[in-house]
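Okay, so here's the structure we're looking at.
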Amino acid sequence: MRQELMSLPKTLAEDVAKNLVMVAKLLDDEPERAYQYSRVALRLASRVAAVREAAGFASYAVGKYAEALAEFRAARRMTGNSELWPVMADCERGMGRPERALAMAGEPEVQKLDRAGQVEMRMVAAGARRDMGQADAAVVTLQSPELASNSIQPWTARLRYAYADALLAVDREDEAREWFAKALEADQSGSTDASDRLAELDGVEFVDALDPEEAADGDARQPVEESEADEVPSDEVPSDEDMVEPEADDVEDIEPVAEAMSEGQGAAPDEDGDDR
């Protein structure tokens with residue numbers, strides 16, 4: 001990304017970088033705000049692949065799948081690599097086209113993915129099977145050497161969780177419980193709710209230890225900083241100070257956002273699901 005930004009005028013590159021940093025910082029917890037920052041970065045430098053990719057992930061996080069797919073396709077055209085293939089397929093699922101996602105799982109691009117990418121593609125394919133009502137096929141799709149391995153990788157918890165969820169969908173509850181437990185064991189970053197699913201299967205209910213009056217008193221004693229923060233809407237558009245846009249002289253001839261991507265709508269995919 002740094003090399004791409006270096007091709008821009010210095011002030012413009014700094015402004016784009018600031019917005020991309022905010023996208024990365026807010027994407028998990030405040031996706032709507034991350035999306036707003038991504039639109040500014042896109043307006044400033046739509047010809048930078050890293051910007052298109054960031055805009056894609058921000059759109060994906062807020063459920064704008066057509067928009068996300070178009071951004072991912074643009075980034076892929078610019079870079080020529082296939083690492084975005086699984087998330088592009090998942091966008092097809094989000095748009096209600098699981099058959100296209102499944103077709104993408106059989107394309108040659110999958111062979112170009114690293115191991116993590118292939119695991120992601122397998123999970124997307126299993127999800128597409130379930131979308132199509134093929135629950136048993138989803139279970140089979142997830143059975144792989146990566147699932148059987150005892151080594152813990154960044155994707156291990158999510159793969160085990162997906163398998164447990166697929167087992168539960170075909171009423172294999174005992175096996176599902178076993179795999180939710182294995183997912184929890186591997187989930188060092190808390191990326192899944194495996195503990196909640198286990199508790200649900202075990203019939204455990206969580207009860208708030210505070211009664212309503214105590215809870216109200218507790219709310220009243222919150223620090224001033226938190227009270228003030230609550231007054232700011234979470235989906236507030238980033239301030240002008242944060243979203244610094246450059247002087248007109250610094251901006252390259254960049255296509256407007258409205259032309260690059262209309263709100264909530266992506267370019268119509270080819271019939272074969274590729275982005276050619």
Side-chain angles (χ1 to χ4, degrees), residues 1 4 16 19-105 107 109-110 113 116-117 119-128 130-131 155 158 162 191 234-235 237-238 243 254-276:
M1 184 182 74
E4 291 179 286
V16 172
N19 284 287
L20 292 183
V21 167
M22 294 305 295
V23 172
K25 181 179 179 180
L26 297 169
L27 190 61
D28 291 335
D29 299 324
E30 299 182 66
E32 289 288 350
R33 291 190 66 205
Y35 176 77
Q36 296 294 337
Y37 279 104
S38 76
R39 303 313 287 178
V40 175
L42 187 61
R43 185 163 65 249
L44 297 178
S46 64
R47 295 176 182 173
V48 174
V51 171
R52 303 304 288 265
E53 184 175 329
F57 279 110
S59 297
Y60 179 84
V62 296
K64 297 179 182 289
Y65 298 113
E67 196 172 286
L69 180 58
E71 296 300 342
F72 290 140
R73 284 178 166 172
R76 183 169 176 265
R77 282 195 300 270
M78 293 174 180
T79 62
N81 62 48
S82 300
E83 63 184 19
L84 295 172
W85 196 253
V87 71
M88 288 169 62
D90 207 37
C91 285
E92 294 284 7
R93 284 187 62 211
M95 295 165 64
R97 301 191 298 221
E99 69 286 348
R100 293 199 177 185
L102 199 58
M104 290 177 70
E107 292 289 335
E109 281 79 3
V110 177
L113 298 172
V119 169
E120 287 293 333
M121 192 71 246
R122 188 177 292 275
M123 287 190 282
V124 172
R130 290 183 63 177
D131 294 342
W155 36 260
R158 292 178 54 245
S191 60
S234 62
D235 59 347
V237 176
M243 288 185 173
I254 299 173
E255 60 190 39
V257 174
E259 296 178 10
M261 178 62 52
S262 59
E263 186 70 10
Q265 186 137 12
D270 296 331
E271 288 300 319
D272 58 2
D274 200 353
D275 62 334
R276 295 187 291 274

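- Pairing each heavy atom of Met78 with each of Ser46, the nearest pair is CE-O, 3.6 Å.
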* Asked: Going through the checks in order, is the side chain to side chain contact (heavy atoms under 4.5 Å, CB included) test met by Leu20 and Val51?
  -> CA-CA 7 Å; Leu20 292 183; Val51 171; 4.1 Å; yes
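- Of all the heavy atoms in Arg158 and Ser191, the pair that sits closest is CG-OG, 4.0 Å.
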* Asked: Given Arg76 and Glu53, is the salt bridge (Lys or Arg N to Asp or Glu O under 4.0 Å) satisfied, shown in steps?
  -> CA-CA 8 Å; Arg76 183 169 176 265; Glu53 184 175 329; over 6 Å; no
* To do: Run the numbers on Glu30 and Lys25 for side chain to side chain contact (heavy atoms under 4.5 Å, CB included), then give the verdict.
  => CA-CA 9 Å; Glu30 299 182 66; Lys25 181 179 179 180; over 6 Å; no
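- Within the model, atoms CD of Glu67 and CZ of Phe72 stand 11.0 Å from one another, a figure rounded to the nearest 0.5 Å.
- Judged by distance alone, the side chains of Ser82 and Glu109 never bring a donor and an acceptor atom under 3.5 Å apart.
- Taking SG from Cys91 and CZ from Arg100, the interatomic distance works out to 13.5 Å, rounded to the nearest 0.5 Å.
- Partners of Ala24 under the side chain to side chain contact (heavy atoms under 4.5 Å, CB included) rule, at least two apart in sequence or in another chain, do not exist in this structure.
- In this structure, CG in Leu26 is found 6.5 Å from OH in Tyr37, a value given to the nearest 0.5 Å.
- Residues forming a side-chain hydrogen bond (donor to acceptor under 3.5 Å, both in side chains) with Glu83 (at least two apart in sequence, or on another chain): none.
- A distance of 10.5 Å separates CH2 in Trp155 from CZ in Arg122, rounded to the nearest 0.5 Å.
- Taking each heavy atom of Ala68 and Tyr60 in turn, the nearest pair found is CB-N, 3.6 Å.
- A 4.5 Å side-chain heavy-atom check between Arg39 and Ser59 finds at least one atom pair inside the cut-off.
- In this structure, the side chains of Glu92 and Tyr65 stay at 4.5 Å or more apart for every pair of heavy atoms.
- Taking all atoms of both residues into account, the shortest heavy-atom contact from Val124 to Pro86 is CG2-O, 3.6 Å.
- Residue Ala101 comes nearest to Ala89 through the heavy atom pair CB-O, 3.3 Å, listed as atom of the first residue, atom of the second, then distance.
- Atoms CH2 and CE, from Trp85 and Met121 in turn, are 8.5 Å apart once rounded to the nearest 0.5 Å.
- Arg93 is linked by a side-chain hydrogen bond (donor to acceptor under 3.5 Å, both in side chains) to Asp90, Asp131, counting only residues two or more places apart in sequence or in another chain.
- The heavy-atom pair separating Ala45 from Val16 by the smallest distance is CB-CG2, 3.8 Å.
- A distance of 11.0 Å separates OG in Ser38 from CZ in Arg52, rounded to the nearest 0.5 Å.
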